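Written below as structure tokens is the structure these notes are about.
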Amino acid sequence: MLGGAGPVLRFAPSPNGFLHLGHAYSALLNERLARRLDGALLLRIEDIDVTRCRPEFETAMLEDLHWLGVRFDGAPLRQSERFGIYGAYIGRLTDAGLTYRCFCSRSDIAATAKATGEMRRDPDGALLYPGTCRCRSDAHDPAGRPFAVRLHMAKATRQAAALTGGAPLTMRALDAALHVEMLAVDPLAWGDIVVARKETPTSYHVSVTVDDAQQGVTHVARGRDLEAATAIHRLLQTLWGFPAPAYLHHDLIRDASGEKLAKSLGSTPLRQLRAEGVTPQAVRAALGF
Ligand code: GLU
């Protein structure tokens, strides 16, 4: 959609709070990589969570990035305007028989785990979905109750294997020097993930995968906390026939001497630093840029 044939990078913050030094690091790293690769740098506003994201945070975010001096190519893409597009891709999974409706609440899931003793957790530490709604026929939908849509992970990974000729899923992982390593990824570790939430007709995994493909993103540089989730993104890319970007998952922010910045400082909003008289140059220098 927006990307040309060359390298495309993106910074994709969620406007659910003020940007802090961790965001600044990610934005500056993407800026540096875009320069180094002579590529485009896009801004994507990941605001699918309409309860937590607010226009005033978006305005603040744009101001803070401008203050920091990070410039983006083209207009920002706002995910809350794209629910129809995400719905169409979720529909393709449903048409292929890979999804089901789930009426469970978080407490239902916890209660089932307690009752069955099945306490396995996903890479983010949440209980794996016990599959309560997996075999329920749609004829038995509780009338009018909201539902999430889940991916039947066993079926989805089988379908992906059929598409890759049995080759295991991998991600093209980059280190800071842009050396490439192919790493095996395991979407099964996540269980039956939610692809459309009860309150939002999409999920992070769906919208990030669709948008990276539609924006022609070739290099994803983001925090290490999202590394395990890349298994899901690689699975969805395979099911939808999307190209796979290369991924650079960066560590926690460090200062110029290589020390981890204290967590308290790392979470200081950029606008607070600005109000205290810190310059954008000083922020860049402190983060090693
Ligand atoms: N929106 C996510 C965040 O603010 C980042 C998603 C991504 O880079 O893939 O943490």
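Counting convention: from 1, in listed order, for ligands and their atoms alike. Source: prediction; values computed, not measured. One-based numbering along the sequence shown. Side-chain atoms are counted along with the backbone in the values below, which use heavy atoms only and exclude waters and symmetry mates.
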ask   = Out of Thr238, Asp186, Thr157, which residue meets the side-chain contact (heavy atoms from CB on, under 4.5 Å) rule with Leu169?
value = Thr238
note = Closest non-hydrogen atoms of Glu46 and Ser14, given as atom of the first, atom of the second and distance, are O-OG, 3.0 Å
remark   = Less than 4.0 Å from some atom of ligand 1, heavy atoms are found in residues Arg10, Ala12, Pro13, Ser14, Glu46, Tyr204, Val208, Arg222, Leu226
message = Both conditions, 6.0 Å and 45 degrees, for the charged tip of Arg145 above the ring of Phe103: are they met here?
response = no
task = Go through the side-chain N and O atoms of Arg222 and His250 and say whether any donor and acceptor fall under 3.5 Å apart.
result = no
Contacts of type side chain to side chain contact (heavy atoms under 4.5 Å, CB included), residue Thr94, not counting sequence neighbours = Ile90, Thr99
message = Ignoring hydrogens, what is the shortest heavy-atom contact between Val210 and Arg82? Give both atom names and the distance.
response = CG1-NH2, 4.3 Å
